[in-house]
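Contents: one structure, followed by commentary.
Both ligands and their constituent atoms are indexed starting at 1 by order of listing.
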Amino acid sequence: MVKPVRKAVLPVAGMGTRFLPATKAVPKEMLPVVDKPVVQYAVEEAMKAGIEQFIFVTGRGKHIIEDHFDHAYELEALLRERGKTEALNGLLEDLPVTGSVSFTRQQRPLGLGHAVWSARHLVGDEPFAVLLPDDLMIGEPSCMAQMIEAYHRVGGGVIVAAEEKPLEDVSRYGVITPGVVRGDAIEVKSVIEKPKPEAAPSRLCVIGRYILQPEIFAELDKHETGAGGEIQLTDAMARLIGRMPFHGVKTNCARFDCGDKVGFLQANVAVGLTRPDIAPSLRKIIDQFTRS
Ligand code: G1P
């Protein structure tokens, strides 16, 4: 029997230098897409996939992420007093249940592999999901729900979300050598972090969603550095190939790279257009800009 995926690790320690000066005092994960911080989308996506525990890997200056996933008593009291029931209920519904959220610090910015390794004691000996909040995934069922469904179908192991990218962009991603195709799941024969386009095994890239097995921690324990001198999650996953099944899943979700200025603006427009409360006015504004 394949063990269920109950825990998710959310690495949120990055400094967000691409978004300065906005991210000088505000974590990049707290920048809003329409009216919700980027990180909340990842938590909601994981909740929809049945994840029960959320482990944030934070760093200095990220404490407002903790506050965001807690009660705000003064605000709640004020909304109650003023009869703003809808806003109040919205806040309360979004809160993860008490005890389901935990925080640990990465302490030093040594790479994604190191961030995930920092959560090893909180994850323990069970499979877990990793969601990189910068990658905002919009779709139904949620991206992680589609991955967990595939995880059970292919018999466990490691699952990554995968997307075809133009050849000139592959050097920004982990890139897969694809093997046997099983529906939406593609066997991963090897994976390489940020190859030059001429060295890329394919255009099939890993995007920021993973289901991993606890065996990954023994690989990350080695603290071997790879691309960019960082401890890469991709390298640790590559070393598990042959020891357990490893698949890439092409989901039907749209991905927005909120770590990039244009991607972030695109996410705001795309999510805004799905929102009945603002879509009509937003559409008018877009029309004005595109006409001139
Ligand atoms: C990370 C991973 C990379 C993956 C990407 C997806 O890179 O290292 O393998 O393809 O996320 O967004 P980063 O964007 O942190 O450089």
Do any N or O atoms from the side chain of [X] and from the backbone of [Y] form a donor-acceptor pair under 3.5 angstrom?
{"X": "E187", "Y": "V180", "answer": "yes"}
{"X": "D135", "Y": "L131", "answer": "no"}
{"X": "Y173", "Y": "E163", "answer": "no"}
{"X": "K28", "Y": "T23", "answer": "no"}

Does [X] reach ligand 1 with a nitrogen or oxygen that is under 3.5 Å from one of the ligand's nitrogen or oxygen atoms?
{"X": "T234", "value": "yes"}
{"X": "L132", "value": "no"}
{"X": "L112", "value": "no"}

Subject >> Donor on one side chain, acceptor on other, Q40 and D94, under 3.5 Å >> reply: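 Yes, because at least one side-chain N or O of Q40 sits under 3.5 Å from a partner of the opposite role on D94.
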**OP:** Could you verify whether a donor N or O on one side chain and an acceptor N or O on the other, from E230 and H114, lie under 3.5 Å apart?
**Re:**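 Side-chain D/A pair, E230 to H114: absent.
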**OP:** Determine, counting only non-hydrogen atoms of the protein, whether one lies under 4.0 angstrom from atom 15 (O) of ligand 1.
**Re:**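 Neighbour list for atom 15 (O) of ligand 1 is empty of protein heavy atoms (cut-off 4.0 Å).
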Original post:
Is the F69-F54 ring centre distance short of 6.0 angstrom?
Top reply: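 No, the ring centres sit 6.0 Å or more apart.
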Who's the nearest protein heavy-atom neighbour of [atom], and how far?
{"atom": "atom 9 (O) of ligand 1", "answer": "E193 OE1, 2.6 Å"}
{"atom": "atom 7 (O) of ligand 1", "answer": "K194 NZ, 3.2 Å"}
{"atom": "atom 10 (O) of ligand 1", "answer": "V206 O, 2.6 Å"}

Against ligand 1, does [X] come closer than 4.0 Å with any heavy atom?
{"X": "E230", "answer": "no"}
{"X": "G208", "answer": "yes"}
{"X": "D135", "answer": "yes"}

Original post:
For G155 and V2, which heavy atoms make the closest approach, and how far apart are they?
Top reply: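 Heavy atoms only, the tightest pair is C-CG2, 3.6 Å.
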**OP:** Provide the closest heavy-atom pair for R275 versus D277 in the form atom of the first, atom of the second, distance.
**Re:**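 Here R275 and D277 meet closest at NH2-OD2, 2.9 Å.
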Those atoms of ligand 1 less than 4.0 Å from some heavy atom in [X]:
{"X": "Y210", "result": "2 (C), 4 (C)"}
{"X": "Q232", "result": "8 (O)"}
{"X": "R255", "result": "12 (O)"}

Subject >> Contact partition for M237 relative to ligand 1, non-hydrogen atoms under 4.0 Å >> reply: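 Neither part.
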